[in-house]
Amino acid sequence: MTTRLNPYLSFSGDAKQALEFYQQVLGGTLDLNTYGGFGAEAPPGYADKIMHGMLETPSGFTLMAADNPPGTEQTPGGGFAVSLSGDDAEELRGYWGGLSDGSTVAVPLEKQMWGDVFGMCTDKFGVTWMVNITERS
């Protein structure tokens with residue numbers, strides 16, 4: 001396997017819902033493992049929480065996520081954003097449409113001064129997404 005870099009998102013109990021939402025938007029195969037699914041006793045209230053989840057999409061994206069273990073504080077957003085970029089405008093506009101539904105849009109998806117179409121939103125799970133469609137030749 002080739003080495004790869006991909007985002008790993010943390011949630012406070014709604015990782016399953018977030019990953020299912022991202023699967024609806026991005027497509028792909030979702031693999032979810034719960035704290036209670038490994039045979040060991042899960043921490044109280046965590047049997048159905050996600051210990052590790054991975055979404056692999058047809059476009060080659062890999063997105064991982066988990067619910068924070070007990071005693072670990074979660075700060076949504078956390079000073080990072082997930083960026084989707086390229087020149088397939090139809091595909092990227094489709095992702096934007098799904099991700100921005102119910103989100104807080106900071107920058108509408110529109111032509112920017114650098115020549116590309118760009119938008120930024122924070123989805124309903126507190127994750128910031130940036131979409132950049134290359135239009136320069």
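A quick note: this is a predicted structure, and the numbers were derived from the prediction, not measured. No hydrogens, no waters, no symmetry mates; every other heavy atom, side chains included, goes into these values.
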With ring centroids as reference points, do Tyr35 and His52 lie under 6.0 angstrom apart?
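No, the ring of Tyr35 stays outside the 6.0 Å limit from the ring of His52, centre to centre.
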In the single-linkage hydrophobic clustering (I, L, V, M, F, W, Y; side-chain heavy atoms under 4.5 Å), do [X] and [Y] co-cluster?
{"X": "Tyr8", "Y": "Phe61", "result": "no"}
{"X": "Tyr95", "Y": "Leu30", "result": "yes"}
{"X": "Leu84", "Y": "Met64", "result": "no"}

Does a donor on one side chain sit under 3.5 Å from an acceptor on the other, for Thr122 and Thr104?
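Short answer, no.
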Looking only at side chains, do Tyr46 and Thr34 share a donor and an acceptor under 3.5 Å apart?
no
Would you confirm whether Asp116, through its side chain, and Glu135, through its main-chain N or O, come within 3.5 Å as a donor-acceptor pair?
yes
Between Asp67 and Ala15, is there a donor-acceptor pair closer than 3.5 Å when you use the side chain of the first and the backbone of the second?
yes
Quick check: closest heavy atoms across Gly27 and Pro58, and the distance to 0.1 Å?
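Nearest heavy atoms, Gly27 then Pro58: C-CD, 3.9 Å.
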Shortest non-hydrogen pair, Ser100 vs Gly97, comes out as OG-O, 3.6 Å
Could you give the distance from [atom1] ([X]) to [atom2] ([Y]), rounded to the nearest 0.5 Å?
{"X": "Met120", "Y": "Ser103", "atom1": "CE", "atom2": "OG", "value": "11.0 Å"}
{"X": "Leu99", "Y": "Cys121", "atom1": "CG", "atom2": "SG", "value": "6.0 Å"}
{"X": "Trp96", "Y": "Leu109", "atom1": "CH2", "atom2": "CG", "value": "5.5 Å"}
{"X": "Leu9", "Y": "Ile50", "atom1": "CG", "atom2": "CD1", "value": "13.5 Å"}
{"X": "Thr62", "Y": "Leu55", "atom1": "OG1", "atom2": "CG", "value": "8.0 Å"}
{"X": "Gln112", "Y": "Ile133", "atom1": "CD", "atom2": "CD1", "value": "11.0 Å"}

Does anything in residues 16-28 pair up under side chain to side chain donor-acceptor pair (under 3.5 Å), and if so which pairs, sequence neighbours excluded?
Lys16-Glu20, Tyr22-Asp123
For Phe125 and Asp14, run side chain to side chain contact (heavy atoms under 4.5 Å, CB included): C-alpha distance rounded to whole Å, both residues' side-chain angles, the deciding distance at 0.1 Å, then the answer.
CA-CA 8 Å; Phe125 298 99; Asp14 56 359; 3.5 Å; yes
[X] [atom1]: over 12 foreign heavy atoms closer than 6.0 Å:
{"X": "Asp87", "atom1": "CG", "answer": "no"}
{"X": "Asp88", "atom1": "CG", "answer": "yes"}
{"X": "Glu90", "atom1": "CD", "answer": "no"}

Using a 4.5 Å cut-off on heavy atoms from C-beta on, say whether the side chain of [Y] contacts that of [X].
{"X": "Leu63", "Y": "Asn6", "answer": "no"}
{"X": "Val105", "Y": "Val107", "answer": "no"}
{"X": "Lys124", "Y": "Phe21", "answer": "yes"}
{"X": "Ser59", "Y": "Glu91", "answer": "yes"}
{"X": "Val127", "Y": "Val82", "answer": "yes"}

